[in-house]
Amino acid sequence: MTDLVTLAEVGGSLAAIGGAAYARHAHPAAYWSTVGLPLSVARLLTSYSSTMEACGLTVQPARWRALAVRATTRREVRPVPPRRGIIRPTTTGLRMRLRLAAGQEPADVAASAERLRHAWGVHAVHVRDIKPGVVELRLVGFDVLRKVRMPRRLDAGPLRVPVALREDATAFVRDYRAVPHELVLGATLSGKSMYLRNLLTGLAAQPVVLVGIDCKRGVELAPFAPRLSALATDSDQAAELLPALVREMEDRYDLIKTRQGIAPGTPEELITSDIWGLPQDERPAPIVLFIDEVAELFLVATRKEEERRDEMVTHLIRLAQLGRAAGIYLEVCGQRFGAELGKGATMLRAQLTGRVCHRVNDEASAKMALGDIAPEAVLAACAIAPELPGLAVVGDTSGGWSRIRTPYLSLADAATTCRATAHLAPDAPALDPFRPYVPPLSAETPEPVATARPVTE
Ligand SMILES: Nc1ncnc2c1ncn2[C@@H]1O[C@H](COP(=O)(O)OP(=O)(O)O)[C@@H](O)[C@H]1O
Ligand SMILES: [Mg+2]
């Protein structure tokens with residue numbers, strides 16, 4: 001009988017352990033909220049001082065304090081850890097503020113992040129500078145990038161799209177006002193088009209003119225045609241669309257000039273103001289130009305085409321140089337973007353401030369995107385596994401970088417959003433000749449886009 005009881009007990013605990021291990025793998029968020037969080041909090045509370053001491057983050061106590069301890073308790077005076085704020089649990093981890101002791105800097109804590117993560121049994125520890133003397137520790141309980149779920153409270157706004165999730169479980173926001181142009185690099189099947197898709201649907205609900213150039217006959221961008229104000233599906237059409245955009249940009253500069261009372265002959269570069277300074281009823285809607293596979297615009301087969309190519313590249317460079325003030329923003333996607341593409345490639349690249357690098361096949365490609373940001377970012381981009389498409393390394397303007405991943409969004413869902421928001425497209429008379437044809441939706445025939453399988457390349 002006792003044997004049976006023992007067997008049942010052992011079996012029961014084995015099942016519990018097995019269940020916990022399964023839950024941890026299959027439902028990491030639920031596991032974190034129920035098991036991981038209490039365990040980590042208990043570890044943190046019991047081992048805080050000793051862990052900080054082991055990580056070299058403690059300092060000698062103030063003299064009055066040492067004297068007081070010695071006088072009252074006769075105990076040995078121990079070094080003190082940074083003062084800890086309250087622990088704030090979240091659905092993905094927990095947060096806690098630390099007040100740095102005199103002589104410490106945030107980099108000291110960041111250097112120990114890996115040790116802290118092991119000590120407290122969490123997936124990762126991120127350190128953020130809050131204000132002088134205070135840092136925030138963000139403990140992440142599990143790998144949030146394996147199955148992306150965007151945070152519920154998002155910091156969206158005009159021309160700000162929360163497009164992906166960072167590894168510290170905060171949203172990565174693509175802010176066109178802060179970073180006007182962006183380069184999205186990655187090997188084929190690495191998730192570039194998914195990134196564009198997320199961005200485009202995010203902008204679809206805003207009063208923004210969306211323009212696409214997709215030289216792969218439009219397989220990626222044509223499904224979004226109802227919301228696009230202009231679409232070029234081969235380089236011939238692109239060669240006509242780009243000058244129209246440049247003309248529109250020049251018209252906008254003229255508008256700003258007349259508003260400022262400057263004679264219309266003044267060169268563009270001298271105008272410092274932008275469309276955002278215009279009164280709202282006169283202000284033209286911002287334009288975002290999406291280019292999927294930019295190399296298609298650069299590649300030429302014959303000598304005759306070369307002239308046209310140079311023209312297109314010049315237009316692109318002008319848009320990148322002067323577009324921001326006219327409210328024209330570029331989102332450029334490509335597999336590689338180096339000098340080998342030809343004249344003007346590096347000049348255009350230098351204008352694209354934002355950098356997103358998906359999985360690449362060689363270090364040289366990663367360097368094209370992130371080389372000027374940080375050498376570690378290049379290594380991180382080279383280490384992205386093919387099993388996780390959509391994972392990317394993004395550099396920010398402050399020289400930092402982080403890993404992000406877009407949420408999965410099917411082509412059909414994105415197309416439905418574009419259809420539903422088609423009426424929100426602002427008027428752009430200059431682009432009317434390039435408006436894509438949208439077949440009317442009939443009740444009997446199923447919507448072709450909705451039935452199409454997601455294009456994978
Ligand atoms: N964030 C993601 N989560 C899940 N699957 C993704 C993600 N991003 C891309 N994929 C998948 O990876 C494949 C390639 O993505 P795609 O965006 O077409 O790559 P690219 O444009 O770089 O060739 C597609 O099948 C897509 O569904
Ligand atoms: Mg693609």
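Both ligands and their constituent atoms are indexed starting at 1 by order of listing. Everything quoted here is computed from the prediction, not taken from an experiment.
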task = Ignoring hydrogens, just give me the one of K147, K192, R359 whose non-hydrogen atom is nearest atom 22 (O) of ligand 1.
result =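 Shortest heavy-atom distance from atom 22 (O) of ligand 1: K192.
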
task = Answer yes if the side chains of D413 and T416 hold a donor-acceptor pair under 3.5 Å, and no otherwise.
result =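 No, no side-chain donor-acceptor contact under 3.5 Å.
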
Which atoms of ligand 1 have any heavy atom of [X] under 4.0 Å away?
X	value
T188	23 (O)
A187	22 (O)
M194	6 (C), 7 (C), 8 (N), 9 (C), 10 (N), 17 (O), 26 (C), 27 (O)

message = So, applying side-chain hydrogen bond (donor to acceptor under 3.5 Å, both in side chains) with Y195, which one of E182, H358, R405 is it?
response =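 That would be E182.
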
request  = For ligand 1, indicate whether the residue C333 contacts it via side chain, backbone, both or neither (heavy-atom separation under 4.0 Å).
outcome  =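 C333 to ligand 1: no contact under 4.0 Å from either part.
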
key: Region of H358 engaging ligand 1 - heavy atom pairs below 4.0 Å   =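 No part of H358 comes within reach of ligand 1.
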
message = Taking a cutoff of less than 4.0 Å between a non-hydrogen atom of the residue and any ligand atom, is S410 in contact with ligand 1?
response =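 For ligand 1, residue contact (heavy atoms, under 4.0 Å) with S410 is absent.
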
request  = Could you establish whether G186 and ligand 1 come within less than 4.0 Å of each other, counting only heavy atoms on the residue side?
outcome  =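 For ligand 1, residue contact (heavy atoms, under 4.0 Å) with G186 is absent.
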
query = Do we get R174 above Y176's six-membered ring, with its NZ or CZ under 6.0 Å from the centre and within 45° of the axis?
reply =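 The answer is yes; both the distance and angle limits are met.
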
inquiry  = Taking distance alone, with N or O pairs closer than 3.5 Å, would you say P407 contacts ligand 1?
reply    =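 No; the residue has no nitrogen or oxygen that sits under 3.5 Å from a nitrogen or oxygen of the ligand.
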
request  = Decide whether an N or O pair under 3.5 Å exists between Y408 and ligand 1.
outcome  =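 So ligand 1 has no N or O lying under 3.5 Å from an N or O of Y408.
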
message = If I take every N, O or S atom of S193, is at least one of them less than 2.8 Å from the Mg ion (ligand 2)?
response =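 Looking at S193, which is the residue asked about, there is an N, O or S atom under 2.8 Å from the Mg ion (ligand 2).
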
query = Are the side chain of K367 and the backbone of P375 linked by a donor-acceptor contact shorter than 3.5 Å?
reply =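 Such a contact is absent between K367 side chain and P375 backbone.
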
request  = Without swapping roles, check the side chain of H181 against the backbone of L330 for a donor-acceptor pair under 3.5 Å.
outcome  =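 Confirmed, H181 side chain pairs with L330 backbone.
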
ask   = Do E250 and R318 meet the salt-bridge criterion of a basic N to acidic O distance under 4.0 Å?
value =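 E250 and R318: salt-bridged.
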
ask   = Can you check whether F290 reaches S193 side chain to side chain, under 4.5 Å on heavy atoms?
value =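 Heavy-atom side-chain distance check fails, nothing below 4.5 Å.
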
task = Only one of D292, I213, V294 passes side chain to side chain contact (heavy atoms under 4.5 Å, CB included) with V332; say which it is.
result =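 Going through D292, I213, V294 one by one, the side chain to side chain contact (heavy atoms under 4.5 Å, CB included) with V332 is satisfied by V294 alone.
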
